[in-house]
There are 2 protein chains.
Amino acid sequence: MNNVFKALNDPTRREILELLRERDMTAGEIVEQFRISGPSISHHLDLLKQAKLVIAEKEGQYIYYSLNTTVVDEIMKWLLQIKSKKK
Amino acid sequence: MNNVFKALNDPTRREILELLRERDMTAGEIVEQFRISGPSISHHLDLLKQAKLVIAEKEGQYIYYSLNTTVVDEIMKWLLQIKSKKK
DNA sequence: ATAGTATTTAGATATTTGTCTAAATATACA
DNA sequence: TGTATATTTAGACAAATATCTAAATACTAT
């Protein structure tokens, strides 16, 4: 869970997730959406992958990234627990 | 929202939130629950306060900290949006 | 006033993080 | 086979972060 919070704690990474909500994209397509270098985006994608928030699938020359929202449930569960204050 | 994700991105701070779920506590009571120094906890409480995840109220010599879960809704909303993938 | 308790602020330090450029790897195609 | 394209890995560096001790502030009570 730590990895997920860590992954979410960056505006660029959150924006990547929002992009992938629309459709799956290749690393290059994602890079185009930002003013940040390819390697930096690659690093962000790696952190998102570690958190299992995205899935990477190789197709020939390209790598397609897609959202994996199952991890989000875990976070929501935790947040709901916090919201159910006892006093 | 950035501040909230930042505040949540630390195990100690998340544990503080879990403690405050049970009951309001003074800074000193919170410190007792950890092996970390008072000033460090004070710093964590400050970040939680900046994120508006906790509220601090002075009562004489003590400062009572309590949960404020209204900010959590904002995060949940964002997460739900991510979960509603288009494809 | 003075001493004691509660908490924060200041300043230092080691670690982590986000970014970059250059190089490495992998695939496509002519 | 050789060149172009897609992406990652390596290494460097500045900025942010978590922690500490020492000092400052604020309140209580003798």
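By convention in this document, chain letters (A, B, ...) are assigned in the order of the sequence lines, proteins followed by strands, and residues within each chain are numbered from 1. Everything numeric here is computed off the predicted structure, so don't read it as measured data.
- For D:dC20, the OP1/OP2 oxygens have a side-chain nitrogen or oxygen of B:Ser37 closer than 4.0 Å.
- At least one donor-acceptor pair under 3.5 Å links the side chain of A:Asn68 to the backbone N or O of A:Lys52.
- When the side-chain nitrogen and oxygen atoms of B:Thr26 are compared with OP1 and OP2 of C:dA6, none of them lie within a distance under 4.0 Å.
- Rounded to the nearest 0.5 Å, atoms CZ (A:Phe5) and CZ (B:Arg13) are 11.5 Å apart.
- When distances run from any side-chain atom of A:His43 to the nucleotides C:dT8, D:dA18, C:dT19, the shortest one goes to C:dT19.
- Summarising the local packing, NZ of A:Lys83 is surrounded by more than 12 heavy atoms from other residues, nucleotides or ligands at distances under 6.0 Å.
- Ranking D:dA26, C:dT19, C:dT7 by closeness to the B:Lys58 side chain, first place goes to D:dA26.
- In this structure, A:Lys49 atom NZ and D:dT9 atom C1' are separated by 12 Å, rounded to whole Å.
- Computed from coordinates, the B:His44 NE2 to D:dT19 C1' distance equals 8 Å when rounded to whole Å.
- The distance between atom CG of A:Asp46 and atom P of C:dT17, rounded to the nearest whole Å, is 12 Å.
- Checking A:Lys6 against A:Pro39, the closest nucleotide of DNA chain C that is more toward the 5' end is the one next to A:Lys6.
- Across the protein-nucleic acid pair, B:Glu29 atom CD and C:dT5 atom C1' stand 14 Å apart, rounded to whole Å.
- The interatomic distance linking A:Ile36 (CD1) with C:dT21 (C1') rounds to 15 Å, in whole Å.
- At the heavy-atom level, B:Ile41 lies nowhere under 4.0 Å from the strands shown.
- Side-chain nitrogen and oxygen atoms of A:Arg13 include at least one within less than 4.0 Å of the OP1 or OP2 phosphate oxygen of C:dG18.
- Residue-level contact check: B:Asp10 touches the backbone only, with heavy atoms under 4.0 Å from sugar-phosphate atoms and none from bases.
- Rounded to a whole Å, the CG atom of A:Asn9 is 16 Å from the P atom of C:dT16.
- Counting heavy atoms from C-beta outward, B:Leu79 and A:Asp73 have side chains that stay 4.5 Å or more apart.
- Within the nucleic acid shown, B:Ile30 has no heavy atom closer than 4.0 Å to any nucleic acid atom.
- Contact check, A:Ser42 against D:dT7: no side-chain N or O comes under 4.0 Å of OP1 or OP2.
- You'll find a donor-acceptor pair under 3.5 Å spanning the side chain of B:Gln61 and the base of C:dT5, going by distance alone.
- A donor-acceptor contact shorter than 3.5 Å links the side chain of A:Thr26 to the backbone of A:Glu29.
- Summarising the geometry, the separation between CD1 on A:Ile63 and C1' on C:dT25 is reported as 11 Å, rounded to the nearest angstrom.
- The minimum heavy-atom distance linking A:Val54 with A:Leu45 is given by the pair CG2-O, 4.1 Å.
- The side chain of A:Tyr62 approaches D:dA6 more closely than any other nucleotide in the set D:dA6, D:dT8, C:dT8.
- Rounded to a whole Å, the OH atom of B:Tyr64 is 17 Å from the C1' atom of D:dA26.
- If you check every strand for non-hydrogen atoms under 4.0 Å, B:Tyr65 touches sugar and phosphate atoms only.
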